[in-house]
Amino acid sequence: SPLDRPNIVMLFVDDLGYGDLGFTGHPTTTTPNIDRLAKNGKVLTTWYSGCPVCTGSRTALMTGRQFTRVGTPGVFGSTVDVGLPLNETTVADQARKAGYTTAMMGKWHLGQRKMFLPTARGFDHYLGIPYSDDMGAARLSPCNSSSRAAAAAEDGRIELDDLTETYGDWGFLDDAAEARAKAAADPAGLFLPLVHQEGNKTTIVEQPLDFANLADRYNDYVTGFIRDHKDDPFFLYMAFSHVHTTASNQPEKQYAGCPFQNSTRRGKFGDALAEADWLVGNAMQELEKQGLAENTLVLFASDNGPWMVQGKSAGSPGLLYGRASGYWNVGKGSTWEGGIREPAFAYWPGMIQPGTRSAEVVSSMDLLPTVSALLGVDLPEAVIDGRDMSPILFDKGASAHEFLFFYAGNHCHGPREGGPRGPAAVRNGKYKAHFCTSPGLSGCDGCTTKYYDPPLLFNLEEDPSEAYPLTSNGTEPTDPDVKSVVDGIRKALDTEMETFTFGTLVPPPPLPEEEYKGKYYYGVCCDRDKSCDCDGPPSTTLAPWAL
């Protein structure tokens with residue numbers, strides 16, 4: 001039967017905005033495969049990320065816990081000595097307890113040291129980039145031989161963007177870990193690696209990797225995994241490297257393989273998204289070919305909203321524009337709807353009614369408890385913030401989140417200016433309350449952080465653009481219904497502040513293989529004698545690293 005050890009496929013796109021897909025209304029996006037799945041499944045219109053930036057959102061997805069409870073920062077740098085704490089249980093761990101084979105494709109971003117990489121955290125197989133695709137220089141091979149020869153003769157020196165400053169300014173880094181990494185000056189952070197893992201064996205396929213064939217590698221890996229494990233129940237986590245922006249050496253900070261370059265009306269971002277859609281289509285085609293579609297739950301979401309300062313190279317928040325903010329940067333890094341509310345759907349022929357929608361509140365943190373329930377595995381002995389969303393997926397159930405709190409970076413360190421650390425906002429039924437607001441990552445001219453008492457309240461079922469607040473800062477509400485909502489939210493906030501425990505990170509001791517010439521380095525490196533630059537022209541070349 002379909003419920004007899006169903007396969008689980010989680011599609012997780014990087015930095016995709018609510019307004020980027022055909023099924024969410026973008027007029028020139030080319031995403032026929034994603035749109036077909038949404039049309040024939042259940043669109044989840046109110047799926048929230050567990051964090052408005054990368055590492056935190058993936059922590060929430062993998063553990064079912066608030067990233068602040070786990071202790072991870074919003075973002076891990078590429079050469080830090082910390083990662084997802086080793087006592088945390090992942091969705092992959094849960095699947096393996098049920099006898100599932102587990103595989104991951106794409107962006108991990110929960111630590112790049114050996115003990116933190118996917119096959120040490122519940123996955124049997126992995127192919128991907130262990131962090132964001134702007135955290136190092138990469139190649140993009142030209143699509144014809146003459147251009148390739150010309151490029152090989154060039155010295156493509158670039159300067160990497162200072163991402164430590166970008167994320168650090170917004171309070172999304174572990175400052176102590178980043179300081180240790182900066183002092184080590186690890187050259188592994190200069191060049192983007194492609195990593196393959198089978199069990200205990202880890203191979204660096206290439207460094208710097210080539211974006212021109214990355215999707216082909218992902219495609220062969222995913223379709224091969226499905227084909228090879230058609231007789232075994234499996235959990236497949238497809239965490240796309242697309243459509244996050246790259247380092248500045250790529251044209252418009254985006255990439256796609258040769259068949260997709262200049263293939264859409266939406267420019268380079270559209271080309272990248274079309275390539276991601278192609279990967280989705282091929283994975284689904286393989287599931288259907290192997291007779292697995294009716295025994296497979298497919299979930300789709302994004303990790304956080306679009307990085308809006310990247311302009312056309314980034315995505316769109318659609319109608320989630322935080323109009324009451326007074327500024328335009330309301331995407332990635334903010335707790336306005338554009339930063340944390342994601343396009344999402346569930347697809348399972350025969351189990352999920354096609355052409356349906358739900359506006360019930362769900363979260364990335366719900367993946368672990370939902371998978372655990374479907375597979376009959378007990379939840380880990382830890383505080384689990386997510387909830388089983390099966391009643392919403394398979395029926396017309398209501399959200400199990402009475403109060404879903406959202407945590408941010410240091411710009412909204414807590415609900416009260418100068419007060420203790422805590423959430424920046426909360427969703428309560430049809431209402432959302434902001435205790436603090438700030439612009440998205442990298443900010444904008446004239447944008448400021450604001451605190452609210454009473455909290456800034458919106459009815460999101462009527463006002464998803466957050467245009468018409470129901471409260472005024474400094475003035476207690478007089479409407480009895482609004483006052484009742486505000487009072488309930490204040491009480492829930494007090495409980496959250498009194499009972500919430502923030503996690504901390506402790507770096508594991510160095511491994512023998514992490515020592516090089518008397519110092520310890522923690523980045524992924526193909527060959528330290530080559531300064532982690534192993535794959536030749538046309539490669540991006542930076543100033544030589546002084547050993």
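Just so you know, residue 1 is the first one in the sequence shown, and it goes up from there. The structure displayed is predicted, hence computed values, not measured ones.
Contact of the Val75 side chain with the His109 side chain is registered, since non-hydrogen atoms from C-beta on lie closer than 4.5 Å. Between Lys332 and Val309 there is no side-chain heavy-atom pair separated by less than 4.5 Å. Contact of the Phe12 side chain with the Leu367 side chain is not registered, since no non-hydrogen atoms from C-beta on lie closer than 4.5 Å. Two residues are said to be in side-chain contact when any heavy atoms from C-beta on lie closer than 4.5 Å; Lys107 and Val13 fail this criterion. Side-chain contact between Val486 and Pro455 is present, with heavy atoms from C-beta onward closer than 4.5 Å. Using a 4.5 Å cut-off on side-chain heavy atoms (C-beta onward), Leu299 and Leu11 make no contact. Residues Thr335 and Cys412 are not in side-chain contact: their nearest non-hydrogen atoms beyond the backbone lie 4.5 Å or more apart. In this structure the side chain of Tyr407 never reaches within 4.5 angstrom of the side chain of Cys51, judged on heavy atoms.
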Practice problem: Tell me, with the steps shown, if Leu61 and Val91 meet side-chain contact (heavy atoms from CB on, under 4.5 Å). | Solution: CA-CA 8 Å; Leu61 183 79; Val91 181; 5.8 Å; no
Quiz item: Where do Phe394 and Trp348 land on the ring-ring contact (aromatic ring centres under 6.0 Å, His included) test, with the steps shown first?
Solution: CA-CA 9 Å; Phe394 307 129; Trp348 189 350; 5.5 Å; yes
Quiz item: Taking it one step at a time, do Gln94 and Ser372 satisfy side chain to side chain donor-acceptor pair (under 3.5 Å)?
Solution: CA-CA 6 Å; Gln94 293 290 89; Ser372 299; 2.9 Å; yes
Quiz item: Between Leu16 and Leu21, does a side-chain contact (heavy atoms from CB on, under 4.5 Å) hold up when you go through it step by step?
Solution: CA-CA 9 Å; Leu16 186 72; Leu21 299 165; 3.8 Å; yes
Quiz item: Would Asp271 and Thr264 count as a side chain to side chain donor-acceptor pair (under 3.5 Å) if you check the C-alpha gap in whole Å, the side-chain angles of each, and the deciding distance to 0.1 Å?
Solution: CA-CA 6 Å; Asp271 296 347; Thr264 72; 2.9 Å; yes
Quiz item: Given Lys42 and Ser358, is the side chain to side chain donor-acceptor pair (under 3.5 Å) satisfied, shown in steps?
Solution: CA-CA 7 Å; Lys42 176 174 282 189; Ser358 174; 5.6 Å; no
Exercise. Start with the C-alpha distance between Arg490 and Thr495, add both sets of side-chain angles, then the distance that settles side-chain contact (heavy atoms from CB on, under 4.5 Å), and finish with yes or no.
Key: CA-CA 9 Å; Arg490 281 171 165 162; Thr495 301; over 6 Å; no
Practice problem: Check step by step if side-chain contact (heavy atoms from CB on, under 4.5 Å) holds for His401 and Ser363. | Solution: CA-CA 9 Å; His401 294 282; Ser363 166; 4.2 Å; yes
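Aromatic ring centres of Tyr48 and Phe406: separated by under 6.0 Å. Aromatic rings from Phe235 and Tyr100 are positioned such that their centres are separated by 6.0 Å or more. In this structure, Phe23 has its ring center closer than 6.0 angstrom to the ring center of Phe345.
No donor-acceptor contact under 3.5 angstrom links the side chains of Arg266 and Thr30, judged on distance only. Inspection of the Thr437 and Tyr452 side chains reveals an N or O donor paired with an N or O acceptor under 3.5 Å. With no hydrogens or angles considered, no side-chain donor-acceptor pair links Lys253 and His244 at under 3.5 Å. In this model, a donor atom of one side chain and an acceptor atom of the other lie less than 3.5 Å apart for Asn7 and Thr296. Between Thr63 and Glu88, the side chains place no donor N or O within less than 3.5 Å of an acceptor N or O (distance only, hydrogens not considered). Side chains of Thr90 and Asp93: a donor on one and an acceptor on the other come within 3.5 Å. Thr59 and Thr72 share a donor-acceptor pair across their side chains, judged by distance under 3.5 Å alone. Between Asn304 and Asp15, the side chains place a donor N or O and an acceptor N or O closer than 3.5 Å (distance only, hydrogens not considered). Ser465 and Arg323 share no donor-acceptor pair across their side chains, judged by distance under 3.5 Å alone. Between the side chains of Asp35 and Thr31, a donor-acceptor pair is found at a separation under 3.5 Å. Under 3.5 Å, the side chains of Trp336 and Tyr327 contain a donor-acceptor pair of N or O atoms.
Other residues, nucleotides and ligands contribute only 12 or fewer heavy atoms inside 6.0 Å of the NZ atom of Lys450. Applying the 6.0 Å contact sphere to CZ of Arg421 captures more than 12 heavy atoms from other residues, nucleotides or ligands. Around CD of Glu476, the count of heavy atoms belonging to other residues, nucleotides or ligands within 6.0 Å exceeds 12. When the shell of 6.0 Å around CZ of Phe502 is examined, it contains more than 12 heavy atoms from other residues, nucleotides or ligands. For Asp378, the CG atom is loosely surrounded, since the number of other residues' heavy atoms within 6.0 Å does not exceed 12.
Between Trp307 and Tyr167, the ring planes are tilted. Angles from 30° to 60° get that label.
The pair Asp175-Arg180 does not meet the salt-bridge criterion, since no charged nitrogen lies less than 4.0 angstrom from a carboxylate oxygen. For the pair Asp487 and Lys483, the salt-bridge criterion is met [side-chain N within less than 4.0 Å of a carboxylate O]. Ion pairing between Lys432 and Glu466 holds under the 4.0 Å rule for side-chain N and carboxylate O. Salt bridge Arg69/Asp385: present, at least one basic N to carboxylate O contact under 4.0 Å. Residues Asp14 and Arg58 are paired through a salt bridge, judged by an N-O separation under 4.0 Å between the basic side chain and the carboxylate.
Listed here is the closest heavy atom pair of Tyr347 and Leu37: CD1-O, 3.5 Å. Contact record, Ala346 with Leu297: CB-CD1, 4.5 Å, taken as the closest heavy-atom pair.
Applying the ring pair (Phe, Tyr, Trp, His ring centres under 6.0 Å) test between His242 and each of Trp278, Phe269, Tyr255 identifies Tyr255 as the sole match.
Checked against salt bridge (charged side-chain N to carboxylate O under 4.0 Å, His left out), Arg121 has no partners two or more places apart in sequence or in another chain.
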